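If you read the sequence from its start, that first residue is 1, and numbering goes on from there. Quick caveat, the model's predicted, so the values are computed rather than measured.
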Amino acid sequence: MLTFEEAITLPPQYAEIKQQSEALQFNMFSDLRTGSLLRTLAAAKPQGNFLEIGTGTGLSLAWLAAGADLKSTILSIDNEATYQQVAINAFANDKRITFSCTDGNEWLKTYDGPLFDLIFADAWPGKFYALDETLALVKVGGFYIIDDLLPQPNWPAGHPEKVDILLTTLRQKQNFVFTTLDWSTGLMIFTKWKN
């Protein structure tokens, strides 16, 4: 029987992005299980409007793009141009995707455009900072997804306490229902059920 990792079909850009990520010594990308879930959730929102906070080099974006239909839009933001350029190059011909190289906290506090069907917060902005602003951008019926909630080798000192505070705060949100997954790197999936 195949393992999960052996059975999964990778997005078209995945191998190229991973190779360039390793060349840049970038090691903060989501694992295959998280990626597979992102693809599945994106596919659940036809003509969706998606936001990724933390482009990195674009590995998570590859999964979102693989699940999104041709009428969907994806905005991916990051403050590190060198890493984000890998994603920009990989998706140069994908008209669904827009990139913004900016401070995520500032962006979240000033954005006044359409709400999102799915937000993947894969950076400190949108998760540890500007959380309320981020949750306000989720449509009713939309998803808010965070990962890296189980201890990771690259966590800085004091990070477990930040995660505990975040989880306590999120569990108190009355306008979302959520599921916690002790799976992959540790995930929470929220659906907004009322404003």
Distance, nearest 0.5 Å, that separates [atom1] of [X] from [atom2] of [Y]:
{"X": "I8", "Y": "R39", "atom1": "CD1", "atom2": "CZ", "result": "5.5 Å"}
{"X": "T57", "Y": "Q19", "atom1": "OG1", "atom2": "CD", "result": "12.0 Å"}
{"X": "L64", "Y": "L38", "atom1": "CG", "atom2": "CG", "result": "5.0 Å"}
{"X": "T134", "Y": "K127", "atom1": "OG1", "atom2": "NZ", "result": "11.0 Å"}
{"X": "K18", "Y": "F26", "atom1": "NZ", "atom2": "CZ", "result": "12.5 Å"}
{"X": "L10", "Y": "L32", "atom1": "CG", "atom2": "CG", "result": "6.0 Å"}

Nearest non-hydrogen partners of [X] and [Y], listed with the distance:
{"X": "P11", "Y": "A62", "value": "CB-O, 3.6 Å"}
{"X": "G54", "Y": "A123", "value": "CA-CB, 4.0 Å"}
{"X": "G48", "Y": "S72", "value": "N-OG, 3.0 Å"}
{"X": "I97", "Y": "L61", "value": "CG2-CD2, 4.1 Å"}
{"X": "A68", "Y": "A42", "value": "N-CB, 4.0 Å"}
{"X": "D182", "Y": "L150", "value": "OD1-CD1, 3.2 Å"}

Please table the atom pairs, donor to acceptor, closer than 3.5 Å between any side-chain atom in residues 163-173 and protein atoms at least two apart or in another chain.
from: T168; atom 1: OG1; to: D164; atom 2: O; distance (Å): 3.0
from: T169; atom 1: OG1; to: I165; atom 2: O; distance (Å): 2.9
from: K173; atom 1: NZ; to: D132; atom 2: OD1; distance (Å): 2.7

ILVMFWY cluster, [X] and [Y] together (side-chain gap under 4.5 Å):
{"X": "W63", "Y": "L37", "result": "yes"}
{"X": "L51", "Y": "Y83", "result": "no"}
{"X": "I146", "Y": "F143", "result": "no"}
{"X": "L41", "Y": "I53", "result": "no"}
{"X": "L118", "Y": "L187", "result": "yes"}

Q. For F91, which residues count as a ring-ring contact (aromatic ring centres under 6.0 Å, His included) partner, sequence neighbours excluded?
A. none
**Q.** ring-ring contact (aromatic ring centres under 6.0 Å, His included) partners for Y144, two or more places apart
**A.** F190
(Q) Using the side chain to side chain donor-acceptor pair (under 3.5 Å) criterion, which residues pair with Q84? Sequence neighbours excluded. (A) T55
Q) Taking only residues two or more places apart in sequence, or in another chain, which ones meet T180 in a side chain to side chain donor-acceptor pair (under 3.5 Å)? A) none
Q | Summary of salt bridge (Lys or Arg N to Asp or Glu O under 4.0 Å) pairs that have at least one residue in residues 46-71, sequence neighbours excluded | A | none
Q.
Show me the pairs that pass salt bridge (Lys or Arg N to Asp or Glu O under 4.0 Å) and involve residues 74-100, at least two apart or across chains.
A. D94-R96
Those residues that, when tested against [X], pass side-chain contact (heavy atoms from CB on, under 4.5 Å) (two or more places apart):
{"X": "W124", "result": "F128, Y129, P156, H159, K162"}
{"X": "K192", "result": "V138, V140, N175, F176, N195"}
{"X": "R33", "result": "F4, E5, D31, W183, S184"}
{"X": "D122", "result": "S30, S60, F120, D147, D148"}

Q. Can you list the steps and then say if T185 with Q152 is a side chain to side chain contact (heavy atoms under 4.5 Å, CB included)?
A. CA-CA 8 Å; T185 61; Q152 304 296 311; 3.5 Å; yes
Exercise answer: donor-acceptor pairs, residues 104-115 side-chain atoms, under 3.5 Å, sequence neighbours excluded:
from: T110; atom 1: OG1; to: E106; atom 2: O; distance (Å): 2.9
from: T110; atom 1: OG1; to: W107; atom 2: O; distance (Å): 3.4
from: Y111; atom 1: OH; to: P114; atom 2: O; distance (Å): 2.7

Q) Is the number of heavy atoms from other residues, nucleotides or ligands under 6.0 Å of K139 NZ greater than 12? A) yes
Q: Evaluate whether atom CD of Q174 has more than 12 neighbouring non-hydrogen atoms of other residues, nucleotides or ligands under 6.0 angstrom away.
A: no
Q: Side-chain contact test, heavy atoms from C-beta onward, threshold under 4.5 Å: evaluate it for L181 versus I189 and give yes or no.
A: yes
